[in-house]
Number of protein chains: 2
Amino acid sequence: MEAKQSASMEDYLESILMLGEGKEAVRVSQMSKALRVKMPSVSSALAKLSQEGLVEHKRYGRVQLTPEGERVAEDVFHRHEALRHFLTEILNIDPETAAGDACKMEHTISPVTQQKLAKFVEFVNQPPEGPPKWLKIFHHYLRRAKLPEEYIARCLKED
Amino acid sequence: MEAKQSASMEDYLESILMLGEGKEAVRVSQMSKALRVKMPSVSSALAKLSQEGLVEHKRYGRVQLTPEGERVAEDVFHRHEALRHFLTEILNIDPETAAGDACKMEHTISPVTQQKLAKFVEFVNQPPEGPPKWLKIFHHYLRRAKLPEEYIARCLKED
DNA sequence: CAATAAAGTTAGACTTATCTAACAATTTAT
DNA sequence: ATAAATTGTTAGATAAGTCTAACTTTATTG
């Protein structure tokens, strides 16, 4: 029943979740700062989300997610996290760039991709004692643009 | 000096590149179909891109990229391809979903991420005789949600 | 070659999301 | 407790991108 939200609306919902860290209610001014938009933009977004039953907000009061709103916000957050982990842990991208990219991509990634991405990160962290050797070799490759002889040899043997 | 293009404008440019397959000029109606927008939307986009010197287009005529427009279109296309290859070859996502996701994400991915993603695909295809064993194991993991004993054993030995 | 069809454009409406300016409520501090 | 500062809202403007309807140009074809 929940109409699909726009990227903007997803951002507003997500920010309420993040700023409230789960349970606390949140101020319009906080959201305004966090999202780098002016307060009237927040007001207007909240009116809409309130209408749709995703947030609780009375004039001049604090903002809170409804259970339904929380569900949506958490979904956005999961997409964000799947992307961020992948970008930092596997592609070895610096945390700021990764967070920035995740923020933008989180709105367009499909459920399938989100899930597989999460699985991939899980897979990489699964082997006992952290990341597997091939990942270290990839990170070396990122720096040198060349594979170590030893890796090639091993791959050949495996096939 | 080229102003950064919006997602929409990037799509228009990319579609000219794709439909022209490099050299041929393209019709408004083709773009309209390919992008699933009505012709007036294409007209208006072309007016803007023409203004900015990215496309060549005279009334009722065919559409062509300028060298500068081609540069931008190819950049978008490279982002698209980096994403698509990653999604299909590594995450094992079906071609349609992958292409769809790539179309949406291509507009928000940063240059750093695009490059590292491409490197990753390159890395995976580098070992002689195609994809390395760990990738096959990941694909198995996607289906079974469990790592084969043998893989764990090998990782342990390596560390 | 004239009639019709197809392709393209123009004009104008609508939506979403943003902003500024002006006003109103609430909080803080004197 | 009242003045000042902060916080929030309302109203209205603007920009991007889409659409429909009406019109124009180009192409097709009998």
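Please read all numbers here as calculations on a predicted model, not as lab measurements. To find a chain, count down the sequence lines: A is the first, B the second, and so on, and within it residues start at 1.
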For [N], does either OP1 or OP2 sit under 4.0 Å from a side-chain N or O belonging to [X]?
| X | N | value |
| --- | --- | --- |
| B:Ser6 | D:dG17 | yes |
| A:Ser29 | D:dG8 | yes |
| B:Ser43 | C:dG8 | no |

Atom pair distance, as rounded to whole Å: [atom1] in [X] and [atom2] in [N]:
| X | N | atom1 | atom2 | result |
| --- | --- | --- | --- | --- |
| A:Met31 | D:dT9 | CE | C1' | 15 Å |
| A:Leu35 | D:dG8 | CG | P | 14 Å |
| A:Lys58 | D:dT7 | NZ | C1' | 17 Å |
| A:His107 | C:dA17 | NE2 | C1' | 14 Å |
| A:Arg62 | D:dT6 | CZ | C1' | 14 Å |
| B:Lys33 | C:dA7 | NZ | C1' | 12 Å |
| B:Glu10 | D:dG17 | CD | C1' | 15 Å |

- Item | Over 12 foreign heavy atoms within 6.0 Å of CD, A:Glu56 |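 No, the 6.0 Å shell around CD holds no more than 12 heavy atoms from other groups.
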
- Task: Might you confirm whether atom CD of A:Glu74 has over 12 heavy atoms from other residues, nucleotides or ligands at distances under 6.0 Å?
- Result: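 Yes, because the 6.0 Å sphere around CD of A:Glu74 holds more than 12 heavy atoms from other groups.
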
- Query: Side chain of B:His57: nearest nucleotide among C:dT9, D:dT9, D:dT7?
  - Reply: C:dT9

- Message: So if I take every side-chain heavy atom of B:Ser44 and compare against D:dT18, C:dT18, C:dT9, which nucleotide ends up nearest?
- Response: D:dT18

- Task: May I ask you to say what B:Lys48 touches in the nucleic acid, namely base, sugar-phosphate or nothing, with a heavy-atom cut-off under 4.0 Å?
- Result: sugar-phosphate

- At under 4.0 Å between heavy atoms, what does A:Met9 touch on the DNA or RNA strands: base, sugar-phosphate, or nothing?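 Sugar-phosphate contact only - A:Met9 comes under 4.0 Å of backbone atoms but never of a base.
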
- Below 4.0 angstrom, N of the basic side chain to O of the carboxylate: do B:Asp75 and B:Arg79 qualify? yes

- Of B:Leu46 and A:Ala7, whose nearest nucleotide on DNA chain C comes first from the 5' end? B:Leu46

- Reading nucleotides 20-27 of chain C from 5' to 3' and marking B where a protein heavy atom lies under 4.0 Å of the base, S where only the sugar-phosphate is that close, and - otherwise, the string is BB--BSS-

- Item | Approximate separation, where rounding is to 0.5 Å, of A:Met18 CE and A:Phe77 CZ | 4.5 Å

- Query: How far does CD of A:Glu68 sit from CZ of A:Arg71, to the nearest 0.5 angstrom?
  - Reply: 4.5 Å

- Message: Under a 3.5 Å threshold, yes or no: a donor from one side chain and an acceptor from the other, between A:Tyr141 and B:Glu122?
- Response: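 Yes, side-chain donor-acceptor contact under 3.5 Å.
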
- Task: Please report the shortest heavy-atom distance between A:Leu87 and A:Ala98, naming the atom on each side.
- Result: CD1-O, 3.6 Å

